[in-house]
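Everything below concerns the one structure shown next.
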2 protein chains.
Amino acid sequence: MTDPTQERLLQAAEEVFAEKGFQGGSVREICKRAGANVAAVNYYFGDKERLYIEAVKYAHRACTQGTPLPNWTPDTPPLRKLGDFIRVFTTRMLQPSSAASLQLMMREMAQPTAACVEVVRDYIRPMAERLQAILRELKPDAVAEDLYLHGFSIVGQCLFYRQNRPIAALLVGDEGFQKFDVERVTRHITAFTLGALGLADRLPDCLESETAEVAR
Amino acid sequence: MTDPTQERLLQAAEEVFAEKGFQGGSVREICKRAGANVAAVNYYFGDKERLYIEAVKYAHRACTQGTPLPNWTPDTPPLRKLGDFIRVFTTRMLQPSSAASLQLMMREMAQPTAACVEVVRDYIRPMAERLQAILRELKPDAVAEDLYLHGFSIVGQCLFYRQNRPIAALLVGDEGFQKFDVERVTRHITAFTLGALGLADRLPDCLESETAEVAR
DNA sequence: ATTTGTATGAAACAATTGTTTGAAAGTCAA
DNA sequence: TTGACTTTCAAACAATTGTTTCATACAAAT
C-alpha cells in the first residue's frame, strides 16, 4: 500500500478530475481535499499530468474490482453468460462501487487522453472480448462485424443509464428514475436483447432463480 | 443575423467549449479563433458564462436544423415512423451537420449545467415525446414506464456511436469502424429493435425502398 | 463638418494557476 | 546521540486567466 498522503491525493484527484476534467480541476483544490500541501503533487507524482494518469489507473482498479464477472465453467450455457454479463455491466453502471472512479473512466472513454489510452483499453477489452465470445457461442455462423454490432447494441443500452442519467431524469423526473432500479433495468435489457436475437422465450435461461419478478 | 464578430465568437466558443469544456476553454483562445479582441466577449455577451450559455443555444439550433424528422401524416404506419426515427437519430450521431455543435450538446447532456437545463430539455423532449408516441402506437397496452425502458434501449443504441466512438474504434480499429456506416448501423439498430419488439419479420416496413441492401 | 453611437484594441488589474525552493519537522538506522 | 533520509510547509515565481478601462477608429445621423 502506498504512502497515506499519496493515497489521499489519488482519491481526491479522482474525485476532482471526475467532476471537472483535467483542465478544470486544479492542483490546489485536489490538495485541499486531500489535506496535503500543494507541493505534494510534484513531490509524489512529478506534475499534474502524471497525477492525472495515476488517478485514471486508480479509477480503473476500482472499477474492475467492484462487481466482478462470475467465473463461468466451460459448460455454462451462453444464455446464462449473457444474462450474467448484462446484470454485472448494468450493476456497474447503476450501482458503481465508486461513483467517482466510474465517472472518471466514463470521461476517458468519451474523450480519451493520449496518455491513458492503454488504461481505457485494459478496461474495455476484457469485457468486450467476453461479450464477443458469448455472442459467438449464440451465433456461430455470424460474421465478426455483425457480432460487434450486436455487442454495441447491448453495451449501448447499459451505458445509457450511466452516461445519460441526467437526460432520463429530465424526462421522467428524479422520482420516476428511481423506479428504474438495477433489477428492472437488467431484466428489461436482457429481454430486449433476447428478443433481438430471436430468443424471446429464453429469458428464464438468462436469469437467476431468485430474480423471480414481482413488479407488475 | 447577428453582428459578424458576435457570430464568429459564438462559432469559436462552440468549438472551444465542445473540445475542452467551460473551465478548460479560455476566453483568450476563443477570441484568438474568432479573430477578435479579448474584450469582445464582455462587450457582446457580458461575461464568459453568458457566452457559454449562448454557445449552447447556438449549438442547439445547429443540431435541430441539421437532419429533421420527416413530417408524418396521421396515417403513416408506426413501423415506418420508428424506422424514420432511428435513421434520423443515427444519422445525427454518425454524420452530424456540425460536429462541434453535437459535441457541446453531448457534453451538456452528460453533465448539464444549471444555466442550460432548459436548452437541453428543449433538445431532448421533442425527440423523446415522438419516440414515446411511436412506441405507444406499437404497444397500446404497455405501461408508460415500460415504453420509457424501450425508448432508452433504442436511444442508447444510437447514442453509443457518438458517445463511445473512441471505444468502438479502440476495439475494431479506425478502419474497422469506418465499415459501420450510417446505413449499416441504422439497419442493424432497426432490426435489433424490431426483434426486441417481437416484430422481427417487419423490417421492410420500417425501411425506405431505396435502402435495398447491397452490403455483404 | 460635427455629433453621437458602435466597435475594436492595447494595456492593466487582481486572482488563480502549476511549479519550484529552501527550511523545518519527522522518521529511521547506526 | 547523531546523521541520513523522507515528508511537509510557507513562500515565491512566472504564466495564465477573466474582466475592466480608456483611447481610438469607424459608421451613421444631423
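Letters A, B, ... are given to chains in the order of the sequence lines, protein chains preceding strands, and every chain is numbered from 1.
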Just compare [options] and give me whichever is closest to any side-chain atom of [X].
X: B:V38; options: D:dT19, D:dT7, C:dT17; value: D:dT19
X: B:R28; options: C:dT19, C:dA12, D:dT6; value: C:dA12
X: B:S26; options: D:dT17, C:dT20, D:dT20; value: D:dT17
X: A:A39; options: D:dC9, C:dT19, D:dT19; value: D:dC9
X: B:T5; options: D:dG18, C:dT8, D:dA10; value: C:dT8
X: A:V27; options: C:dG18, D:dT19, C:dT6; value: C:dG18

Taking the ring centre of each residue, are A:F180 and B:F152 less than 6.0 Å apart?
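Yes; B:F152 has its ring centre under 6.0 Å from that of A:F180.
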Run the salt bridge (Lys or Arg N to Asp or Glu O under 4.0 Å) test on B:D122 and B:R61 for me, step by step, so that the C-alpha distance in whole Å, both residues' side-chain angles and the decisive distance to 0.1 Å come before the verdict.
CA-CA 10 Å; B:D122 286 349; B:R61 287 195 294 277; over 6 Å; no
Shortest non-hydrogen separation from B:M105 to B:V120 and the atoms involved:
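What the structure gives for the nearest pair is CE-CA, 4.5 Å.
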Will you find, in the side chains of A:T73 and A:T76, an N or O donor that is under 3.5 Å from an N or O acceptor?
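Judged by distance alone, the side chains do pair up.
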Contact class for A:G35 (heavy atom, under 4.0 Å): base, sugar-phosphate, or nothing?
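Since no nucleic acid heavy atom lies under 4.0 Å of A:G35, the category is nothing.
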For B:G24, report the nucleic acid contact type (base, sugar-phosphate, nothing); a contact means any heavy atom under 4.0 Å.
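Nothing: the residue B:G24, judged by heavy atoms under 4.0 Å, touches no strand.
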Whole-Å distance between [N] [atom2] and [X] [atom1]?
X: B:F45; N: C:dA7; atom1: CZ; atom2: C1'; result: 14 Å
X: B:D3; N: D:dA27; atom1: CG; atom2: C1'; result: 12 Å
X: B:K48; N: D:dT19; atom1: NZ; atom2: P; result: 8 Å
X: B:Y43; N: C:dT8; atom1: OH; atom2: P; result: 7 Å
X: A:K32; N: D:dC9; atom1: NZ; atom2: C1'; result: 17 Å
X: A:R8; N: D:dT7; atom1: CZ; atom2: P; result: 13 Å
X: B:F22; N: D:dT17; atom1: CZ; atom2: C1'; result: 12 Å
X: A:L9; N: C:dT19; atom1: CG; atom2: C1'; result: 15 Å

Ignoring backbone atoms, establish whether B:N37 has a side-chain N or O less than 4.0 Å from OP1 or OP2 of C:dA10.
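Yes.
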Any side-chain N or O of B:Y44 below 4.0 angstrom from OP1/OP2 of C:dT8?
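Indeed, a polar side-chain atom of B:Y44 lies that close.
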Decide, yes or no, whether a salt bridge links B:R50 with B:E54 under the criterion of side-chain N to carboxylate O below 4.0 Å.
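The answer is no: the pair does not qualify as a salt bridge.
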